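Here's the structure, in structure tokens; my notes come after.
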Amino acid sequence: MSHFLRQLKLSLRVSNFNASSRCFSSSPIYYVRGAEPVGDGNKETIRIPSLKVPMELLKDMGIIGASHGWIATMKSGVVCLQDDLDLPDTKPKRIPLPPLVTLPHCQTQIVTNVAMSSSSSPDDEDCIVAGKFLGPQLSLCRPAQRDCKWSNIRISDPSFFSSHVMYSKRDEMFSMPASRGHYIGSWDLGRHMKEPKIQMLRLHAEEDQIPKMKKRVWQRLESCCTKQHYLVESLHTDETFMLKWYTQSKPPTLNVWDHFLVLKIDKEGYAVYTKDIGDVCILLSRSEPICIPAKLNRRVQNCVYMLTDHEFAIVSISCNQKFGATPFACSLPYYISKNLI
């Protein structure tokens with residue numbers, strides 16, 4: 001591993017935000033394109049200009065998710081929340097969570113993603129952490145609660161088995177889109193823990209609401225090898241979007257075609273396709289999706305900033321044109337918001 005890291009170029013992308021406190025005030029967004037060891041023979045820490053990151057985050061059982069600036073790692077069935085994008089003169093926080101309990105006929109080794117209900121510290125009594133695993137299991141816990149334990153939910157609907165979870169501040173629930181994007185399921189630690197709240201999406205019947213694409217484009221969408229759906233909320237505009245991400249890949253790694261369809265969803269479940277999400281942009285990676293004001297954060301509005309294992313690119317929602325594409329081997333394909341005080 002250390003020999004491999006020495007061959008990688010070091011790069012850190014940082015954007016300073018000047019938005020309101022609801023939109024990551026003074027919170028840069030980081031992603032790591034490469035790393036190198038600190039000093040001679042130090043295999044425990046890698047260095048990024050003015051920052052240090054534990055080497056363990058690059059290992060196979062290292063990072064499993066990121067939400068609200070906190071990194072989630074897992075080792076031997078124990079999830080730990082870490083504040084590890086650390087300035088040299090500060091001490092990172094590490095909050096171990098209870099050991100995971102795997103429900104019958106479920107698994108907890110392959111994690112889809114992690115989401116948190118609060119942008120404050122997990123020490124906050126109102127903070128809830130959600131872990132979504134590939135398959136039927138969704139697990140929730142309150143880290144600040146004395147003798148906290150995971151509340152494990154077995155999802156009965158297979159349409160959610162590969163879905164990504166996000167926390168809806170509007171609904172105060174953890175939500176996931178069904179696999180075909182026709183409805184949304186939401187869970188909490190109250191009355192919707194065993195039975196989710198289901199919201200059917202109602203598309204407007206007008207012909208002009210259907211995306212206008214050539215027949216060959218529709219056929220290509222149907223033949224895509226990967227189709228993923230993501231929910232994301234804009235706290236800046238109080239809007240909810242569903243991203244439908246279609247991908248065709250050329251083995252072993254190259255994405256030869258990416259296409260996004262975006263739905264804007266209101267509180268009643270009415271949904272319309274849109275090619276204009278306004279003065280915001282969406283950051284899409286293995287982290288919980290992030291929607292931020294674009295101009296205030298020196299980014300291009302109405303775009304998706306996609307970060308994968310092998311590529312960074314900006315995709316215009318209006319025309320689905322990909323620009324700024326940069327192929328690289330990304331060790332940590334996660335956007336991580338970090339509040340530097």
Side-chain angles (χ1 to χ4, degrees), residues 10-19 22-35 46 48-49 51 53 57-58 62-73 81-86 111-119 129-132 164-167 169 228-236 241 243 245 247 255 258 260 262 277 280-294 296-315 317 322-340:
L10 180 65
S11 178
L12 175 69
R13 298 295 175 88
V14 181
S15 295
N16 288 303
F17 293 166
N18 296 313
R22 300 179 67 201
C23 302
F24 306 110
S25 175
S26 302
S27 299
I29 293 286
Y30 296 95
Y31 71 87
V32 181
R33 291 180 57 178
I46 56 178
I48 297 169
L51 301 173
V53 180
L57 295 185
L58 295 180
I63 184 170
I64 58 171
S67 179
H68 293 295
W70 288 85
I71 299 171
T73 63
L81 299 178
Q82 306 183 194
D83 187 17
D84 269 325
L85 286 180
D86 169 42
V111 184
T112 305
N113 76 307
V114 174
M116 292 172 56
S117 65
S118 173
S119 58
V129 178
K132 175 63 178 67
H164 294 74
V165 66
M166 59 85 73
Y167 183 75
K169 288 188 177 296
Q228 301 179 75
H229 297 76
Y230 298 85
L231 288 173
V232 60
E233 284 186 346
S234 169
L235 300 182
H236 181 67
F241 302 104
L243 272 71
W245 185 5
T247 302
N255 282 9
D258 293 279
F260 288 95
V262 180
I277 62 173
V280 294
C281 62
I282 296 172
L283 310 183
L284 192 59
S285 67
R286 288 192 190 176
S287 301
E288 188 177 7
I290 306 170
C291 186
I292 58 173
L296 293 176
N297 299 299
R298 300 177 183 177
R299 296 180 184 267
V300 183
Q301 69 181 45
N302 200 38
C303 287
V304 176
Y305 284 72
M306 50 177 281
L307 179 64
T308 70
D309 292 359
H310 305 284
E311 182 184 29
F312 164 82
I314 305 170
V315 179
I317 294 174
K322 183 190 293 186
F323 57 96
T326 306
F328 61 88
C330 184
S331 302
L332 300 173
Y334 301 85
Y335 283 115
I336 304 170
S337 62
K338 173 66 179 177
N339 188 20
L340 300 178

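Because only heavy atoms are used, hydrogens play no part in the values below, and waters and symmetry mates are left out as well, while side chains stay in. Just so it is clear, the structure is predicted and the values come from calculations on it, not from any experiment.
Atom CG in Leu235 sits 11.0 Å away from atom CD1 in Ile290 (nearest 0.5 Å). The distance from atom CE of Met166 to atom NZ of Lys132, rounded to the nearest 0.5 Å, is 15.5 Å. Once rounded to the nearest 0.5 Å, the distance linking CD1 of Ile314 with CG of Leu307 reads 11.5 Å.
Side chain of Ser287 to main chain of Tyr335: a donor-acceptor pair is present (N/O by atom type, distance under 3.5 Å, no hydrogens or angles). Using modelled atom types, one side-chain atom of Tyr305 and one backbone atom of Val300 make a donor-acceptor pair closer than 3.5 Å. Side chain of Asn113 to main chain of Val165: a donor-acceptor pair is present (N/O by atom type, distance under 3.5 Å, no hydrogens or angles). Although no hydrogens or angles enter the test, the distance criterion places no donor-acceptor pair under 3.5 Å between the side chain of Gln82 and the main chain of Thr73.
Listed by chain and number, the residues in a side chain to side chain donor-acceptor pair (under 3.5 Å) with Ser118 are Ser120 (sequence neighbours excluded). Applying the side chain to side chain donor-acceptor pair (under 3.5 Å) test to Ser67 and every residue at least two apart in sequence or in another chain returns Glu288.
In this structure, Glu311 and Met306 have side chains that are in contact, with non-hydrogen atoms separated by less than 4.5 Å. In this structure, Ile292 and Cys281 have side chains that are in contact, with non-hydrogen atoms separated by less than 4.5 Å. Two residues are said to be in side-chain contact when any heavy atoms from C-beta on lie closer than 4.5 Å; Leu283 and Arg299 meet this criterion.
Between Pro333 and Asp309 the shortest heavy-atom distance is CG-OD1, 3.1 Å. Across every non-hydrogen atom of Leu284 and Phe260, the tightest pair is CD2-CE2, 3.7 Å. The two atoms that bring Phe241 and Ile277 nearest to each other are CE2-CG2, 3.6 Å, heavy atoms only. Residues Lys169 and His68 approach most closely at CE-CE1, 4.4 Å, considering heavy atoms.
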